[in-house]
Amino acid sequence: MGAVINCAAYSNGRRIADVKITDINQLLQQKGTFVWIGLHEPDEEQLLQAQQQFGLHELAIEDAHHAHQRPKIELYGDTLFMVLRTAYMHQEHITFGETHFFLSTNFLLTIRHGSIISYGAVRQRCESTPQLLCKGPSFAFYAVMDAIVDQYFPVVDELQEQLEKLEAAVFSEKPNRETTKEIYRLKQEVIEVKRVVTPLIDMCNRLIRFDFAFIPEETRPYFRDIYDHVVRINEMVDNTLEMVSSVLEVNFSLISISQNEVSKKFAGWAAIIGVPTMIAGIYGMNFKFIPELDWVYGYPIALLAIIGACMFLYYQFKRSGWL
């Protein structure tokens, strides 16, 4: 069962009444008044009531009900429908949610899915500045959108901190599978943030440049501020993604170098062991006449030859860094 978080009417930037969804249509007829309603994971009945009161398009209502939408902006008649993805860090992992907006000249409807972060604080800030809230639902829309975008800064900062820790682990520890898995996990999360942030650039451009009647000219500078934030976040995400890819490549290179070092040690010891094996193999042949067999010093000299050759090879391999 979904919840109606807040449903209030505003006039001249001040809250004049708390209203029920079924009574919204009457307030919408009053000039200079707009309604701001917030829903959290509403059910079909609540969405149907909102659709009837605001005259919302059925396709937009279907998207708002099923959620799991990519960030987008669409215009249905005189109503703007917009989807934003929210993000916050939970136990060093990103948790994504969605917020759907229905914006017109006299109402703002926000629908949250997944996110546990309420917009109550945003509403309070808006109500504390009636000189700004009097600009209408477009300013309320800006305030919520700005709060969502600003949530990405701590998320990206946390990702960058995790990257720094992984960089230190790559260069200070022996290459291992767990480090590689963590780097790959971090790369996947950065890519997810990239998918969420990138569409916002085009969406902000549309809000700034297109002639939407319910976004007055005096409100558009606020959306340019959001655009600047989105561009900064997008650049931070790009840089982080590039660095994660570089760390992943360095990690693979160090693993390859480590494997080569092991291979060289195996090859060096194999060469050393090969010397006594070769000499023993010669004297192990079943020939009747081997001159050294009747020589009294043959055995100790053979041992000395084996030991000397092995020591010489060990010295050479150690000098070259193979052992």
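Every value quoted in this text rests on a predicted model; they were computed, and no experiment measured them.
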Residue pair Val35 / Asn106, side-chain heavy-atom distance below 4.5 Å: no
Walk me through whether Leu159 and Ile94 qualify under side-chain contact (heavy atoms from CB on, under 4.5 Å). CA-CA 9 Å; Leu159 293 177; Ile94 304 176; 3.9 Å; yes
Side-chain heavy-atom pair Arg220, Leu207 within 4.5 angstrom cut-off: no
Is there a donor-acceptor pair closer than 3.5 Å between any side-chain N or O of Thr129 and the backbone N or O of Cys126? yes
Flag the pair Arg185 and Glu189 as a salt bridge only when some basic side-chain nitrogen lies within less than 4.0 angstrom of an acidic carboxylate oxygen. yes
Which pair of non-hydrogen atoms, one from Leu47 and one from Ile61, has the smallest distance, and what is that distance? O-CD1, 4.0 Å
Looking at Lys72 and Glu74, is there a salt bridge between them, counting it only when a charged N and a carboxylate O are closer than 4.0 Å? yes
Can a donor-acceptor pair be found, under 3.5 Å and without considering hydrogens, that links the side chain of Thr86 to the backbone of Phe96? no
Smallest heavy-atom separation, Leu103 atom then Ser138 atom, equals CD1-N, 4.1 Å
For Asp238, does the CG atom have more than 12 heavy-atom neighbours from other residues, nucleotides or ligands under 6.0 Å away? yes
Which residue pairs satisfy the ring pair (Phe, Tyr, Trp, His ring centres under 6.0 Å) criterion with at least one member in residues 154-205, sequence neighbours excluded? none
Over all heavy atoms of both residues, which pair between Ile73 and Arg206 is shortest? Give the atoms and the distance, please. O-NH1, 3.2 Å
Could you tell me whether the side chain of Thr79 and the main chain of Leu75 form a donor-acceptor pair under 3.5 Å? no
pair Thr105-Asp78: side-chain heavy atoms closer than 4.5 Å: no
Taking all heavy atoms of Pro42 and all of Ile111, pick out the closest pair and write down the distance. CD-CG2, 3.4 Å
Determine whether a donor-acceptor pair (N or O, by modelled atom type, separation under 3.5 Å) exists between the side chain of Asp43 and the backbone of Glu45. yes
Looking at Glu44, I'd like to know if its CD atom is crowded, meaning that more than 12 non-hydrogen atoms belonging to other residues, nucleotides or ligands lie closer than 6.0 Å. no
State, yes or no, whether a side-chain contact exists between Trp36 and Asn6 at a heavy-atom distance under 4.5 Å. no
Might you point out which heavy atoms bring Arg85 and Ile148 nearest each other, and give the distance in Å? O-CG2, 3.8 Å
For His100 together with Phe81, are the ring centres under 6.0 Å from each other? yes
Looking only at heavy atoms, the pair that brings Pro199 and Lys194 closest together is CD-O, 4.4 Å
Measuring centre to centre across the rings, with the benzene-like ring taken for any Trp, is Phe107 within less than 6.0 Å of Phe34? no
Could you check if a side-chain atom of Met89 sits within less than 4.5 angstrom of a side-chain atom of Gln162, using non-hydrogen atoms only? yes
Taking the six-membered ring for Trp and the single ring otherwise, decide whether the centroids of Phe54 and Phe102 are under 6.0 Å apart. no
Got a donor-acceptor contact below 3.5 angstrom from the Ser118 side chain to the Gly120 backbone? yes
Ring-ring centroid check Tyr10 Phe139, cutoff 6.0 Å: no
Stepwise side-chain contact (heavy atoms from CB on, under 4.5 Å) test for Val83 and Asp63: CA-CA 9 Å; Val83 179; Asp63 288 344; 5.7 Å; no
Checking Glu235 against Arg232 for the salt bridge (charged side-chain N to carboxylate O under 4.0 Å, His left out) test, could you report, in this order, the C-alpha distance in whole Å, the side-chain angles of both residues, the deciding distance, and whether it holds? CA-CA 5 Å; Glu235 290 175 352; Arg232 283 176 52 198; over 6 Å; no
For His229 and Arg224, indicate whether the former's side chain and the latter's backbone hold a donor-acceptor pair under 3.5 Å. no
Check whether any side-chain heavy atom of Leu132 sits under 4.5 Å from a side-chain heavy atom of Tyr222, and report yes or no. yes
As a quick check of understanding, evaluate side-chain contact (heavy atoms from CB on, under 4.5 Å) for Met145 and Met82, giving each step before the final call. CA-CA 10 Å; Met145 185 177 178; Met82 191 167 179; 3.5 Å; yes
Mind checking whether Val231 and Ile208 sit in one hydrophobic cluster, side chains of I, L, V, M, F, W, Y counted as touching below 4.5 Å? yes
Tyr142 versus Ile226: any side-chain heavy-atom pair under 4.5 Å? yes
Kindly determine whether Tyr152 and Met236 satisfy side-chain contact (heavy atoms from CB on, under 4.5 Å), including the steps that lead there. CA-CA 10 Å; Tyr152 286 109; Met236 293 169 63; over 6 Å; no
Would you mind reporting whether Leu163 and Val247 have side-chain heavy atoms less than 4.5 Å apart? yes
Should we say atom CD of Glu242 is surrounded by more than 12 heavy atoms from elsewhere, each under 6.0 Å from it? no
